[in-house]
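Have a look at the structure below before the remarks.
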Amino acid sequence: MQLAGIMATPRPLSRFWGWGKNIVCVGRNYGDHTREIESMLFLKLSTAYTPEGSPILMPAYSCNLHHELELGMVMGKHGLAAMDYVSSYALCLDITARDVQDECKKKGLPWTLAKSFMASCPVSVFVPKEKIPDPPNLRLWLKEGETSFMTFSIPYIINYVSKIMTLEEGDIILTRTTKGVEPVKENDEIQAGIHGVVSMRLKVERPEY
């Protein structure tokens with residue numbers, strides 16, 4: 001079979017959630033109670049993505065889910081400066097099985113079951129970089145929050161993460177919630193957005209299995 005000259009199909013960043021490898025999450029990034037980023041990073045599996053229009057699925061082993069609204073930075077190609085990595089943004093929800101996480105904390109276990117279950121990272125449509133010229137001054141709503149309250153700036157987070165792991169095109173970094181961690185129940189409809197930029201709506205379901 002002649003393979004020479006065949007080119008791979010381009011992967012559109014507008015569907016980063018379909019092929020991006022890594023979801024890097026900052027554990028704490030708002031408020032005066034935290035000044036150290038070390039040990040505050042964790043990963044979600046790429047299978048945690050669920051785009052707008054798909055449901056948030058409640059895992060069978062949890063009865064206490066919480067949502068946290070976050071700004072996500074979608075990585076593009078490498079550059080000389082931290083912000084050169086950012087190709088676009090997305091609004092994200094970090095869904096956590098809080099009861100499972102509490103048990104993991106007590107036992108000193110990883111948070112994988114609490115953080116990386118299927119559909120635990122809902123994402124909005126991607127937002128081109130040029131539409132957010134001033135990311136430190138955004139108003140996120142589900143419950144009001146402002147990115148100006150970040151402890152660690154976006155360039156600082158990118159620089160720190162890139163020293164630990166290779167950031168690849170399509171990866172996303174979640175900058176942690178501003179405030180307003182709330183419980184999630186079956187049949188809830190969650191609406192959230194970035195003022196003047198993007199909004200999303202998702203329904204919470206318990207899968208039949």
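In what follows, every heavy atom counts, from backbone to side chain, and hydrogens, waters and symmetry copies are set aside.
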Check your understanding: Yes or no on side chain to side chain contact (heavy atoms under 4.5 Å, CB included) for I172 and L174, after CA distance, side-chain angles and deciding distance?
Key -> CA-CA 7 Å; I172 193 169; L174 307 190; 4.1 Å; yes
Shortest non-hydrogen separation from [X] to [Y] and the atoms involved:
X: W19; Y: P12; answer: NE1-O, 3.1 Å
X: P55; Y: A119; answer: O-CB, 3.8 Å
X: V100; Y: Y61; answer: CG2-CD1, 3.7 Å
X: L69; Y: A192; answer: CD1-CB, 3.7 Å
X: G72; Y: C92; answer: CA-SG, 4.0 Å
X: M73; Y: Y89; answer: CG-CE2, 3.9 Å

Is it true that [X] and [Y] fall in one hydrophobic cluster, defined by side-chain heavy atoms closer than 4.5 Å?
X: V86; Y: V24; value: yes
X: L113; Y: F117; value: yes
X: L41; Y: L109; value: no
X: L202; Y: L140; value: yes
X: I154; Y: V197; value: yes

Any chance you could measure [X], atom [atom1], to [Y], atom [atom2], to the nearest 0.5 Å?
X: Y85; Y: M75; atom1: OH; atom2: CE; answer: 9.0 Å
X: K131; Y: I194; atom1: NZ; atom2: CD1; answer: 11.5 Å
X: R201; Y: S199; atom1: CZ; atom2: OG; answer: 8.0 Å
X: E52; Y: W17; atom1: CD; atom2: CH2; answer: 11.0 Å

Using atom types as modelled and distance alone, determine if a side-chain donor or acceptor of [X] lies under 3.5 Å from a backbone N or O of [Y].
X: S162; Y: I158; answer: yes
X: K129; Y: M83; answer: yes
X: K44; Y: S120; answer: yes
X: N137; Y: D134; answer: no
X: S124; Y: L91; answer: yes
X: D171; Y: E168; answer: yes
X: T175; Y: L71; answer: yes
X: D188; Y: K185; answer: yes
X: S87; Y: V74; answer: yes
X: Q191; Y: M200; answer: no

Point to revise | Positive for side chain to side chain donor-acceptor pair (under 3.5 Å) with T96, one of H66, Q101, K115, H67 | key: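 Output: one option passes, namely K115.
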Point to revise | Verdict with supporting geometry, M118 and T47, side chain to side chain contact (heavy atoms under 4.5 Å, CB included) | key: CA-CA 6 Å; M118 187 166 54; T47 51; 5.7 Å; no
For residues [X] and [Y], determine if any side-chain heavy atom of one lies less than 4.5 Å from a side-chain heavy atom of the other.
X: C63; Y: D99; result: yes
X: W111; Y: L43; result: no
X: I56; Y: I190; result: yes
X: V127; Y: I132; result: yes
X: L45; Y: I23; result: no

Practice item. Please indicate whether R15 has more than 12 foreign heavy atoms, meaning atoms of other residues, nucleotides or ligands, lying under 6.0 Å from its CZ. Key: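 For R15, atom CZ is not crowded (no more than 12 foreign heavy atoms under 6.0 Å).
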Point to revise | Cationic N near anionic O, under 4.0 Å, R98 to E103 | key: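 A salt bridge is absent here (no side-chain N lies under 4.0 Å from a carboxylate O).
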**Study point:** Salt-bridge criterion met for K203 and E189 (N-O under 4.0 Å)
**Key:**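 No.
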Review point. Can you check side chain to side chain contact (heavy atoms under 4.5 Å, CB included) on E186 and E205, steps first, answer last?
Key: CA-CA 5 Å; E186 187 176 0; E205 299 179 1; 5.8 Å; no
Exercise for review: List for me each residue that meets ring-ring contact (aromatic ring centres under 6.0 Å, His included) alongside F16, sequence neighbours excluded, and say none if there are none.
Suggested key: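 F16: ring-ring contact (aromatic ring centres under 6.0 Å, His included) contacts with Y49.
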Practice item. Could you give me the CA-CA distance, side-chain angles and deciding distance for L142 and L93, then say whether side chain to side chain contact (heavy atoms under 4.5 Å, CB included) is met? Key: CA-CA 10 Å; L142 183 150; L93 287 172; 4.1 Å; yes
